[in-house]
Structure formats: C-alpha cells, structure tokens
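This is a predicted model, so every value here is computed, not measured. Each chain gets a letter, A, B and so on, in the order the sequences are listed, and its residues count up from 1.
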There are 2 protein chains.
Amino acid sequence: MSGDIRIDLSRLRRDIEDLGRIGCDVSGGVSRPSFSPADLEARAWFKDRLASAGLAVRQDGAGNIFGRLGGEGRPVMTGSHIDTVLNGGMFDGAAGVLSSLECLRRIGEEKARLAKPLEVVSFTDEEGNLCGDFLGSRAFTGQLNRAEVERGLTQLGLPLADILQGTEFSLESILETNASAAPAVEAFLELHVEQGPTLDDEGVPVGIVDRIAGKHYRLCSFLGKAGHAGTTPIELRQDAFLGLADFALRSTQHVATRHYGSFVTIGRVAVRPGAFSIVPGQADFTLEFRSASPGTMAALETELFALAEDIARTRGLAFVSKVVDATTPLAVAPRILDVLTEECGRLGFPFLKLTSGAGHDAQILAAAADSGMIFVPSPDGLSHSPKECLRWDDLEKGANLLLASLLRLAA
Amino acid sequence: MSGDIRIDLSRLRRDIEDLGRIGCDVSGGVSRPSFSPADLEARAWFKDRLASAGLAVRQDGAGNIFGRLGGEGRPVMTGSHIDTVLNGGMFDGAAGVLSSLECLRRIGEEKARLAKPLEVVSFTDEEGNLCGDFLGSRAFTGQLNRAEVERGLTQLGLPLADILQGTEFSLESILETNASAAPAVEAFLELHVEQGPTLDDEGVPVGIVDRIAGKHYRLCSFLGKAGHAGTTPIELRQDAFLGLADFALRSTQHVATRHYGSFVTIGRVAVRPGAFSIVPGQADFTLEFRSASPGTMAALETELFALAEDIARTRGLAFVSKVVDATTPLAVAPRILDVLTEECGRLGFPFLKLTSGAGHDAQILAAAADSGMIFVPSPDGLSHSPKECLRWDDLEKGANLLLASLLRLAA
C-alpha cells in the first residue's frame, strides 16, 4: 500500500552532506550563488543524482533543473533551490530539493501507481544574488522583470552577462524561458527549513505554512546638508543620519504596535560623505517591510512613507526612495492545506500552522498552480548563516509528510 | 612708522590663486593631502616663494617648512598649513600661510626694526590624512603619538612609509623631529577661515579666537544578533542599528539641551552584515564630541558612555569603543588676546571674540608658546568643500591685523 512508503533518511542525509561540501567556504559556511563555479559543480552533481534515481532530467533556459517520474501530463511538482547566499548554510534550499529527490526516488523504487507524473525541480537563484529574488521560478512562470534582467546589474558586482559567460545560459535564454507558454503544473509543494524560531520554541517538529508574507524592498535616502562637525551648531544642522535614526526608531515602533506580526527592517546603511568630523549630508538605506496580509502591506506602504516625509519636513531634509522589488502575500490554497494537514494527522506528527515571513519559490509558483509548504524547525531560528542547522529526525518527518502528500496529489 | 605698514592684497590674492591651482581636482576642489604629488609640488612652490621674499628657508624632519626674517633668537612665529582634505577648498590653511608670508614680506620690504626674528611656517598634515590630525605641529612640539606613527596606518589606505617613499622624509625623520629639544618660540599667531557661520551671520569681518574647543574621537560599535528580516519577530530582535539610532537621537538631544554650544557628531556608519533582509548584528560608527570647556569635555565623556551602556542594556546589545584621538580645549593666553584686540581697535576693524569649534595647529603650538588666532568669515559657513570661500576685503583686514600684531609681539 503506497501510503506506507517512507523515505530513507540515511541516504537523504548523505546527499545533503555531499552537496554541502560543494562551495564550502573558509569560514565553514556554504557560498554557492547561482552560476558561480561552486554552483556549476553542484548542478552537475545534482543532475547526476537525478539520473541515477532513474528520473528523466531536463533544464530550461533559466537554468532550472527538473527530474521527472512518470509520463506526459501536468506534473505534481516539488522542489526548492540549491543556490545559497554568500557564507550561508547547507540546508536552506538544499534540504527541500534533496527531500523532493528522495521522495521521488522512493516512489520510483516502490513502483507506486500514479495518475499524474511527479517532478522534482531546483530553481535558479532563489536567493537573489543576481537580479532580484526568484530569478528561476519567475522565469519559469513568466513573471520576470524583463527590464531588470536586460539591465543585468547583479548584487555581486559583476554584470549578469559576464556571470553567464561560459555557461549554457544567456540573458536571451533566460528571457526566452520567461516569454514561453505558462507551464502546466498540477500543484507545487516545497519543503524548507523554517528560518525562524517558532517551531523550535514550541517544540513542534512540523510546520504547515498557511500564508507566505509579501515583501517590499526599497532603496531610500534622507538628504540634508554636510557641515563641519566643530563649527555647525547642533540646532542649525540638517543631519541626514539623524533623520534616518528617527525614522528607524519610529517605523519600528509603528509596526510593532500598530501591525503586530508584520516586519520592518533597515539592513544596510551608508552615510555620506562619511568622516569623523563631517555632519552627514546624506544617509542611504535599505528599507524592507513584510506582512502576510495584503491590506497591511498597502497600509505599511502608505504609513511608512508618510512618516518618512514627516520626519524629513520636521528636520529640514528631503526623502527620496525607489522600489527594488515587491511580492504580494500568498494564502495557501485550501485543497493543499487539507492534503497536508490530513496526511500529517494520518502520520501522527504534531504540527503547527504558521505564516512564512521569508519569501519562497512556492509563492512565485502560486501564479501557475496551487502551492504549499512544509517547514522543518530551525534550531535557534538561525538562517543565512554557517550555523544554520536542522535535526535529522525532524527532517525525516517533514520529508515523509512531503512523500505522503505527493502521493495523494498525484493519485 | 612701522604701525602703518599694510599688506599688498593683490599680491596675496595672486599667491592664493596660484597655490589653489596645485592639486585642483576634477570637481573643482583642491585635493592636496601631505606628501601627495600635488603637495610635493606645492611645497616646492612655497619654498620658492619664501626664498623670493628674502626669507631664510629651512625644513625639519616632519616636513614643516619655515621662512625666517631676522637673526638668531626665539622667533615670533606665524603660519598654518598648505595640505587639504580630499576635495576641499583653496583657503583652509593656505589663506593663513600666505597671509603670514605676505606680512613678513611687507615687514622685510619696509625694513621695520624688530627686537625678535619673525618666522612663517607651514605645518605638515594638519588635516589628518596620514596618522591623526596635526602630524607636523605635533612633531614640531614633541607631542606625536609615537606608536601610532610607527604603526603607520593612514586614512588614505596606504602605509605611511609607502607614502613617504621617494620624499626627503621617513618615519625615522618624523620621529627624530618629535624627539628633539622643544622649540624655542616666543609666540604663535595663525590666521584661518572660520569654517563656521558665526562671523558671516553677524556681518563682522574679523574674529579673534578666545578659546579652541577640545575634541574627542572614538570608534564605537553596538553588537547585537543578526537575524532573518522575515522570520525574527520585532520584539525578539537584538538589532544593533536600532541601538545606534537610539544613541544618535538621545546623545544629540543631551548635548543640545544640557551642554549648549558643545557638539556631538556621528559621521561614519557601517552596518553588518549589511543586506536587505538581515537584521543588523553590528553597527560600527565614529563618535566625535567637542567643547571649549575642559569640564564639559570630561562630563561628555562620562555621560555619553553611560547613555550608550544604558541603551545597550535595555536593548540586549553590547557597546564597545576605543579612543582614536583627543585634544584638550585651549584658552588663548591673555597677553595674545590683548595684543589682538588692541591692534584691531587701533585699525578700526569691527571684531567678535569667538570660540573655534574646529581644531587648529595653534592649539598644538600652545604647548610651546602663547598662541592666538584670527578668523576671517566663511560665507555660508562652508568648509572642507570646493565651495569654501572668503571675501578678499575681509582677508585684507585679517591679514593687516596679523601684520600689526606680529610687529607688536616682535618689538
């Protein structure tokens, strides 16, 4: 009876550890941005693992890699990404892709009867080291910002075209994939480490995501007037950094009290001209806010910019900003939530429904198919860090829930 | 009668404009850090101007350049510096050195009788592009931080020894000058642009400095815990940047209300790891505070660090800091103040007594001789900027006051 198929944890663990050694950096983390030499090595390794599992391997023009079990038709798809942030951990993305592979491998080995094909996928550049997050899943579902890809400026400093040089891919192949017919996908499931403390704090081994937060990325600046730090009286200064300090405190206070459960973060700051003895004339910063509710996202956009404008007016500064990226919040489709919660109950695993504050490929796939996610606890909530980890018995439960749910959806 | 000698403004102006063309950069400013090719060119030009004026030229191992009028004995010294910040203006330092030269040139031309010799000086690296401010005047008066010079890390990125390569100077020659016997100087006068708005706001052409503020430079960090911006709840964050924001606002408020007329500035900021989606785990910043009162300087040191510690404790952060440089406030010697105010009255120039918020070589020279300063208004208070300027008729008054005061002191 197919409901009794279980994953082979020791094989899955070996795969994760093998992949984790590719791009392992000097500080013990993993640095494997898409199309880096380490990523190209990981891609070759992964395609080899897919083929060894008897899956039909293909890739598209954006470098997304697929391995199929079963014949023609709309597949039930499962996967994540094998790229990492610089100096990240070995589980973010990889745990999901390799759990998906293990599920299909076990289902193939057991020759379980499927009404629909199953497909494991690894999407390119989920981490946004190139042109914004989710390059691969966006291209796959036709949601790329074409202008941004054509501009081709990457977070890593090199132009995208240079990074693609010597690979099988190009700006043109990425844009062609983006422009091609919308993919026929039956459903999409992604297993991922939680990247937050909730499951670990609650001592629950499995998370079922019911919402994925939207996020809004903006580059902002307060503009004032530089001045000599020993001759410009405090009351006459137009100190751009004090404008930012005021905004940082008040925006955080506003979100924490008025929109509990939403997030605002100032993660990068540059002050100009940037010297001991010069009052800052310009303060550049990144602003990011997230919420699981579309209404709250809209309110945050209005309220935070009104706050920034108000601070600028009061302090004799100007405020300017531009959007870098934005995703809308996603509510997971009821039929997917039903399958996940029913199978989890049947397996006897305690679980928690929770919101994903982090963005995921599943959110992008939602434009093309009902999508859902399974979370595995992150001890201490650590993420994007060499210290990121998971417990193998938690992963075993999450992967078995993925396997059971895939069988249900493909039945 | 020597009291009637006046400077030749058109000759002084031509000198200032000639020197301003050396190191003129693409954005219209002047970039002439000490021992840069532009500075070496300026040094050769200046020595030539000294010699043409009939002055006896010498330089010491720290690159300070002197031009003497009259024979042996303790000179009445006057001067400033010809180095500039990167992308600074053509008057900061240069106006003082070349006014001093013009004074000695006129006194020499008029064969005025002097009881003491007069000496014009240009001190090396007043701007602190190398190892902290005032390298030249500190070496001249034996006040260098020997360890810092030996470490030889410069603000410009290159080691000091590399910058000195190919010049007549070396780490050893600088340290020898510093170690040699204290110079015998009768008195020191420095003319300088105000670098602040006071004289310009008040419409007064001459400033007589009665105090020079002390300053305290510190490198500081708040240390917290990096976290994922979409999964770490706001109330659980240990956001180092919010600690800095809080400190910036509260320290400014504290100084503005409790120590009116003193200054606190956060001029440089770096947030780590520094990404859109990562809660800052570390916020590094420069902290500078200044006051004309020794008591206030001591109070600021105690109070600002108590505030930082308090913020760190409240927010679950750590606070660390180290002193980079510190100068004590200087009260100008009464006999110098008397000479300056009496001569200014005799010349019929309106003047204001004021505190210098900026540091100057005169403050360093005060360890060796009674020192005083004359300020020329800075239109709009602009300083360390290509737009820095002065009005020629203001400079004429300031330089004539310098000339009359030098004659009094050398009589």
Side-chain angles (χ1 to χ4, degrees), chain A residues 85 87 128 194-198 213 215 217 226-236 239 241-242 244-249 252 255-256 260-271 273-280 283 286 288 290 324-325 356-359 378 381-385, chain B residues 85 87 128 194-198 213 215 217 226-236 239 241-242 244-249 252 255-256 260-271 273-280 283 285-286 288 290 324 356-359 378 381-385:
Chain A
V85 294
N87 198 223
E194 182 195 348
Q195 305 179 269
T198 309
K215 59 186 177 184
Y217 280 5
H228 191 295
T231 60
T232 319
I234 288 181
E235 65 276 16
L236 296 183
D239 184 328
F241 179 63
L242 291 184
L244 168 56
D246 202 358
F247 179 72
L249 293 178
T252 303
V255 172
Y260 183 78
S262 297
F263 301 87
V264 62
T265 303
I266 291 170
R268 204 187 300 158
V269 172
V271 158
F276 256 106
S277 294
I278 308 185
V279 177
T286 60
E288 196 226 67
R290 305 192 188 214
V324 173
D325 202 359
S356 172
S378 295
L382 284 172
S383 169
H384 286 181
S385 156
Chain B
V85 294
N87 198 223
E194 182 195 348
Q195 305 180 271
T198 309
K215 59 186 177 183
Y217 281 3
H228 191 295
T231 59
T232 318
I234 287 180
E235 66 277 16
L236 297 183
D239 185 328
F241 180 63
L242 292 184
L244 168 55
D246 202 358
F247 179 73
L249 293 178
T252 303
V255 173
Y260 183 79
S262 298
F263 300 88
V264 62
T265 304
I266 291 170
R268 204 187 300 158
V269 173
V271 158
F276 256 106
S277 294
I278 308 185
V279 177
F285 60 105
T286 61
E288 196 226 66
R290 306 192 187 214
V324 174
S356 173
S378 295
L382 284 171
S383 169
H384 287 181
S385 156

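The CG atom of Leu249(A) sits 5.5 Å away from atom CG of Leu249(B), with the distance rounded to the nearest 0.5 Å. Put simply, CZ on Arg290(B) and OG1 on Thr231(A) are 8.0 Å apart, with the number rounded to the nearest 0.5 Å. Taken from CG in Asp239(A) to OG1 in Thr265(B), the straight-line distance is 7.5 Å, to the nearest 0.5 Å.
Residue Gly274(A) comes nearest to Arg268(B) through the heavy atom pair O-NE, 3.3 Å, listed as atom of the first residue, atom of the second, then distance.
No side-chain heavy atom of Asp325(A) sits less than 4.5 Å from a side-chain heavy atom of Phe276(B). The closest side-chain heavy-atom distance from Val271(A) to Phe285(B) is not below 4.5 Å. Taking the side chain as every heavy atom from C-beta outward, Ser277(B) and Tyr217(A) approach each other to under 4.5 Å.
When each of Gly196(B), Gly261(B), Ala275(B), Gly381(B) is scored by its heavy-atom pairs under 4.5 Å with chain A, the top score falls to Ala275(B). Heavy-atom pairs under 4.5 Å with chain A peak, among Pro197(B), Gly267(B), Ser378(B), at Gly267(B). Between chain A and the residues Val279(B), Ile278(B), Leu382(B), Asp246(B), the largest count of heavy-atom pairs under 4.5 Å involves Asp246(B). Most heavy-atom pairs under 4.5 Å with chain A, from the set Thr198(B), Val255(B), Val264(B): that is Val264(B).
Heavy-atom distances place no part of Ala213(A) under 4.5 Å from chain B, backbone and side chain included. Using a 4.5 Å cut-off between heavy atoms, Glu235(A) touches chain B through its side chain atoms alone. Only the side chain of Val324(A) comes within contact range of chain B, with at least one heavy atom under 4.5 Å from a heavy atom of that chain. Using a 4.5 Å cut-off between heavy atoms, Thr232(A) touches chain B through its backbone atoms (N, CA, C, O) alone. Contact of Phe263(A) with chain B is made through backbone and side chain together, with heavy-atom distances under 4.5 Å. In this structure, the portion of Tyr260(A) lying under 4.5 Å from any heavy atom of chain B is its side chain and not its backbone.
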